[in-house]
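Predicted model, so just to flag it, every value in this text is computed and none were measured. Proteins get letters first, then strands, A, B, ... in listed order; numbering begins at 1 in each.
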Amino acid sequence: MKIASWNVNSLNVRLPHLQQWLASAVPDVVGLQETKLDDPRFPDTELVGLGYRSVFAGQKTYNGVAILSREPATDVQIGIPGFDDEQKRVIAATVGGVRVINLYVVNGQDVGTDKYAYKLRWLDAVHDWVADELQRHPQLVVLGDFNIAPDARDVHDPEVWNEYHILTSAAERTALQRLLDLGLHDAFRLHHDDAGVFSWWDYRQAAFRRNLGLRIDLTLVSEALRTRCSGAGIDREPRSWERPSDHAPAWVELAG
DNA sequence: ATGGTTGGAACCCAA
């Protein structure tokens with residue numbers, strides 16, 4: 001079972017890329033972030049032809065998440081239960097016995113801003129909810145655009161991306177660690193320990209060509225899935241296509 | 001280097 005995560009930065013613009021990538025990578029489940037479209041405009045019929053059904057929670061202009069799957073998705077949850085949030089950043093569903101939580105984590109703008117405070121509050125609510133979900137669903141995957149680079153290997157310049165910088169600040173990394181401490185594992189790191197493998201590159205300053213990126217798109221697997229996780233990686237190729245998303249798809253393979 | 005680029009809106013915001 002191949003499970004992937006991709007921040008498409010507008011599904012309107014990126015639908016051809018998504019279709020091309022689905023046809024070649026053939027994932028069983030995909031969590032999308034930043035679809036940036038209202039539910040009535042979600043291109044679900046265009047994806048049926050490729051063998052995918054969709055569940056989604058969108059809004060105009062900003063945010064928006066979806067789960068595509070070859071098998072039906074059940075027990076769909078939109079938003080964090082008990083956490084009042086106008087922004088559509090969370091959708092969860094069960095596919096093939098695996099609970100999949102798809103997150104578009106708040107960016108946070110800059111350390112110390114209101115948006116940063118919202119990010120930390122939001123991550124706190126996610127923590128409590130994931131703790132709950134783990135009780136109900138031992139076979140759990142938490143994936144998405146985390147907008148947090150786990151450690152120095154995951155940034156091109158650790159001197160810039162330090163404990164005071166957005167996406168790498170101490171409080172953000174502590175929030176990620178608290179999630180992992182619930183009994184989750186960064187699937188990529190189960191299979192690779194090298195530095196310089198990234199999932200996001202800024203559009204500016206030819207960052208992709210120079211590999212000035214960050215690894216902020218993560219897939220966390222529960223203890224029960226850790227032994228089933230036979231591989232993980234990041235598909236850089238779609239980032240090289242014409243008019244790309246600034247993120248590349250990240251994937252994990254679960255055996256059995 | 002307070003720059004630079006992209007997407008979607010409306011002549012700026014978020015990333």
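Taking only side-chain nitrogens and oxygens, A/R89 comes nearer than 4.0 Å to OP1 or OP2 of B/dA15. Contact annotation: A/K115 reaches the phosphate of B/dA14 (side-chain N/O to OP1 or OP2, under 4.0 Å).
Spacing between atom CZ of A/R14 and atom P of B/dT6 amounts to 10 Å, rounded to whole angstrom units. For A/I166 and B/dA14, the CD1 to C1' distance is 13 Å, given to the nearest whole Å. Distance, A/Q87 CD to B/dA14 C1': 10 Å, rounded to whole Å. The distance between atom NZ of A/K60 and atom C1' of B/dG7, rounded to the nearest whole Å, is 15 Å. Atom CG in A/D145 sits roughly 16 Å away from atom P in B/dG7 (whole-Å rounding). A/Y104 places its OH atom 11 Å from the C1' atom of B/dG7, with the value rounded to the nearest Å. As a whole-Å value, the separation of A/D110 CG from B/dA15 C1' is 11 Å. Distance, A/R204 CZ to B/dT5 P: 9 Å, rounded to whole Å.
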Could you go through A/R121 and A/D85, starting from their C-alpha distance and side-chain angles, then the distance that decides it, and tell me whether this counts as salt bridge (charged side-chain N to carboxylate O under 4.0 Å, His left out)?
CA-CA 11 Å; A/R121 207 167 58 242; A/D85 195 355; over 6 Å; no
Could you walk me through whether A/D124 and A/R178 pass the salt bridge (charged side-chain N to carboxylate O under 4.0 Å, His left out) test, one step at a time?
CA-CA 9 Å; A/D124 210 44; A/R178 283 189 69 230; 3.0 Å; yes
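Two residues, A/R243 and A/W200, neighbour DNA chain B, and the one matched to the more 5' nucleotide by heavy-atom proximity is A/R243. Residue order along DNA chain B, read from the 5' end via each residue's closest nucleotide, puts A/Y203 first among A/Y203 and A/G108.
Relative to the side chain of A/Q205, the nucleotides B/dA14, B/dA15, B/dA1 differ in distance, and B/dA1 lies closest. Counting only heavy atoms from C-beta on, A/T61 has its side chain closest to B/dA9 among B/dC13, B/dT5, B/dA9. With B/dG7, B/dA15, B/dA1 as the candidates, the nucleotide lying closest to the side chain of A/K36 is B/dG7. In the set B/dA15, B/dA14, B/dA9, B/dA14 carries the atom at the smallest distance from any side-chain atom of A/Y62.
Annotation: B/dA10 and B/dA14 have their P atoms spaced 13 Å apart (nearest Å). Comparing the same atom, P, in B/dA15 and in B/dA9 gives a spacing of 16 Å after rounding to whole Å. When the P atom is compared between B/dC11 and B/dA1, the two are found 34 Å apart, to the nearest whole Å.
The CG atom of A/D246 lies 7.0 Å from the CH2 atom of A/W200; values are rounded to the nearest 0.5 Å.
Residue contacts for A/F208: at a heavy-atom cut-off of 4.0 Å it reaches no nucleic acid atom on any strand shown. Within 4.0 Å of A/N12, counting heavy atoms only, lie sugar-phosphate atoms of the nucleic acid but no base atom.
Using a 4.0 Å cut-off between charged nitrogen and carboxylate oxygen, A/R153 and A/D193 do not count as a salt-bridge pair. Using a cutoff of 4.0 Å between basic side-chain nitrogens and carboxylate oxygens, A/D186 and A/R215 are scored as salt-bridged.
Residue A/S199 is tested with A/I234, A/L214, A/N7 for a side-chain contact (heavy atoms from CB on, under 4.5 Å); the sole match is A/I234.
With a 3.5 Å ceiling on both atom-pair distances, the Watson-Crick or G-U wobble partner of B/dA15 is B/dT5.
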